Amino acid sequence: MTRFPFLAALISAVFCLTQPVWAKDDIKASDTAWRISKVSGDAWIEVPNREKMRLMRNRVLFPGQTLITSDRTRLQLVHGKQRIQVGSNTVLSLPLLQETDPSHTRILQTSGTIHLSVDKQSTKHFSVETPYMVAAVKGTQFTVSLGSGWADVRVHEGLVEVSNKLAKEVFDVAAGQAISMDLTALGRKTQHAVKMAFFDRGEDIVQGSSPSHPADQPQAVMDEPQGIVSMIGGMIAAMTLYVGGMINAVVQSVTGSITGLVVPLAQKVQNDGTLHFLILGLLAAVTLVCVIGFILYRRKRFRVDLSRTRL
């Protein structure tokens, strides 16, 4: 009888000692997870040593998982008051649970574009880490983009501290400002570190020193009309389009008129149940025309034969 109370107390003690550890792990996982609130297009979640899962609304991105979007895809990640708008061809992930600090949110981005809205706090509690730069904030709205040969951070509200991981550089980027890196030098043999370029509102991010987004690039000069030949070619093309449009409009008008006359008549005949009478009438008319034609033909032949006999 004395063994059972001792055994029960031992089990209770072990449970009490282990429960806080489990609860702590569960809280960390839930605190660092992001929920997909909106999705348009195709996206997947990759988990180590498992097949990637197709992303759906209300699915949760947990620590150690990677989010991948395809072309023409937009989605939104939600974590408390924080929002991340994820664009097309973007790859981002959450750090492993053992590498996570509950007081500091980290987003690991390797490509694409994300727009972030972070709640304001007194300390730096949120950062986006790329292979080339780190953007740390207390609370703001900003965009991080990584492309082929360029990377930039654009601040829409608040203040962002951007650190260059390839050189000892740190910039404070305010609202309306941007900072960019030209990564094309990474593929060349150079002893100079890749520097960041700082831009104020209204300034263009120039290709070569710090490329901008492809959508911001002006059209190539070769695409612009040049000289008299190009002008004449443009005028001929415009006239061709105009004449073709007029011809197309006339054809459509005639076709529509004929259709408007024939289709109602056919529907009326079919609805009245007189279709077979119309067919019989057409057959009778054709037969009558054939008989009259035959009679006229025979009569002409008879006159010809009669004239030959008299001769």
Side-chain angles (χ1 to χ4, degrees), residues 32 34 67 77 79-95 99-101 103-218:
T32 56
W34 290 74
L67 172 65
L77 295 171
H79 176 67
K81 297 180 180 180
Q82 301 167 355
R83 302 287 187 274
I84 301 179
Q85 303 288 341
V86 184
S88 303
N89 301 314
T90 299
V91 178
L92 64 85
S93 60
L94 301 180
E99 301 175 357
T100 301
D101 183 0
S103 62
H104 190 96
T105 302
R106 295 168 58 211
I107 302 297
L108 310 178
Q109 180 185 359
T110 54
S111 66
T113 300
I114 60 175
H115 176 76
L116 305 99
S117 178
V118 181
D119 60 320
K120 295 183 179 180
Q121 297 185 15
S122 58
T123 59
K124 299 175 185 176
H125 66 100
F126 195 103
S127 63
V128 177
E129 301 180 12
T130 75
Y132 318 104
M133 59 175 63
V134 178
V137 299
K138 297 180 180 179
T140 182
Q141 292 186 16
F142 64 106
T143 301
V144 181
S145 299
L146 296 174
S148 177
W150 55 267
D152 63 51
V153 176
R154 303 187 180 205
V155 181
H156 311 289
E157 180 182 323
L159 186 69
V160 178
E161 181 187 276
V162 181
S163 304
N164 188 348
K165 299 175 69 174
L166 305 179
K168 295 181 179 180
E169 288 183 311
V170 179
F171 285 95
D172 288 332
V173 186
Q177 296 177 334
I179 200 159
S180 183
M181 296 177 64
D182 180 9
L183 304 176
T184 57
L186 295 177
R188 302 191 298 263
K189 294 181 180 180
T190 176
Q191 297 178 353
H192 300 283
V194 177
K195 301 292 184 178
M196 295 190 299
F198 191 86
F199 296 90
D200 288 320
R201 184 188 297 273
E203 292 183 344
D204 293 330
I205 302 179
V206 182
Q207 178 93 23
S209 61
S210 50
S212 63
H213 301 284
D216 297 335
Q217 295 294 334

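It should be emphasised that the depicted structure is a prediction, and the values quoted were computed from it without experimental measurement.
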Fill in: ring pair (Phe, Tyr, Trp, His ring centres under 6.0 Å) pairs, two or more places apart, involving residues 118-138
none

Worksheet item: Sub-3.5 Å donor-acceptor pair from the side chain of N164 to the main-chain atoms of V170, do we have one?
Response: no

Item to complete: Tell me, with the steps shown, if V194 and M181 meet side-chain contact (heavy atoms from CB on, under 4.5 Å).
Response: CA-CA 7 Å; V194 177; M181 296 177 64; 3.7 Å; yes

Practice prompt. Grab the two heavy atoms, one from S163 and one from M196, that are nearest each other, plus how far apart they are.
Written response: C-CE, 4.3 Å

Worksheet entry | Partners meeting side-chain hydrogen bond (donor to acceptor under 3.5 Å, both in side chains) with S127 (sequence neighbours left out) | H104

Discussion item. Taking the side chain as everything from C-beta on, heavy atoms only, tell me whether L67 gets closer than 4.5 Å to V91.
Written reply: no

Practice prompt. Could I get the full list of side-chain hydrogen bond (donor to acceptor under 3.5 Å, both in side chains) partners for S122, not counting sequence neighbours?
Written response: none

Discussion item. The criterion is side-chain hydrogen bond (donor to acceptor under 3.5 Å, both in side chains); which residues satisfy it with D119, sequence neighbours excluded?
Written reply: Q82, Q121

Fill in: Student check: side-chain heavy atoms of H156 and H115 closer than 4.5 Å
yes

Practice prompt. Output all residues satisfying side-chain hydrogen bond (donor to acceptor under 3.5 Å, both in side chains) with Q85, sequence neighbours left out; order by chain, then residue number.
Written response: Q76

Discussion item. Looking at K165, I want to see if its NZ is surrounded by more than 12 non-hydrogen atoms of other residues, nucleotides or ligands under 6.0 Å.
Written reply: yes

Discussion item. Test your reading of the model: is there a side-chain donor-acceptor pair from S180 to the backbone of A151, 3.5 Å cut-off?
Written reply: yes

Discussion item. Suppose the criterion is salt bridge (Lys or Arg N to Asp or Glu O under 4.0 Å): which pairs have a residue in residues 81-93, not counting sequence neighbours?
Written reply: none

Item to complete: Please name all residues satisfying side chain to side chain contact (heavy atoms under 4.5 Å, CB included) with L108, sequence neighbours left out, ordered by chain then number.
Response: S93, P95, R106, E129

Item to complete: Could you list the residues that satisfy side chain to side chain contact (heavy atoms under 4.5 Å, CB included) with K124, not counting sequence neighbours?
Response: A136, K138, E161

Fill in: Chi angles and distances behind the side-chain contact (heavy atoms from CB on, under 4.5 Å) call for F142, V173
CA-CA 10 Å; F142 64 106; V173 186; over 6 Å; no

Item to complete: For L183 and W150, run side-chain contact (heavy atoms from CB on, under 4.5 Å): C-alpha distance rounded to whole Å, both residues' side-chain angles, the deciding distance at 0.1 Å, then the answer.
Response: CA-CA 5 Å; L183 304 176; W150 55 267; 5.6 Å; no

Fill in: Nearest heavy atoms of P131 and L146, plus distance in Å
CD-CD1, 4.2 Å

Worksheet item: What pair of heavy atoms forms the shortest contact from T32 to H79, and how long is it?
Response: N-CE1, 4.1 Å

Worksheet entry | Over all atoms of both residues, closest heavy-atom pair of T90 and G112 | OG1-CA, 3.3 Å

Response to the item:
Hits for side chain to side chain contact (heavy atoms under 4.5 Å, CB included) against L94, two or more places apart or cross-chain, chain-then-number order -> W34, L61, I107

Item to complete: Can you see which heavy atom on L92 is nearest to which on V86, and at what distance?
Response: CD2-CG2, 3.9 Å

Discussion item. Tell me whether T184 contacts the main-chain N or O of D182 through its side chain, where contact means a donor paired with an acceptor under 3.5 Å.
Written reply: no

Discussion item. Determine whether V128 and L116 satisfy the following criterion, side-chain contact (heavy atoms from CB on, under 4.5 Å), listing intermediate values before the conclusion.
Written reply: CA-CA 9 Å; V128 177; L116 305 99; 3.6 Å; yes

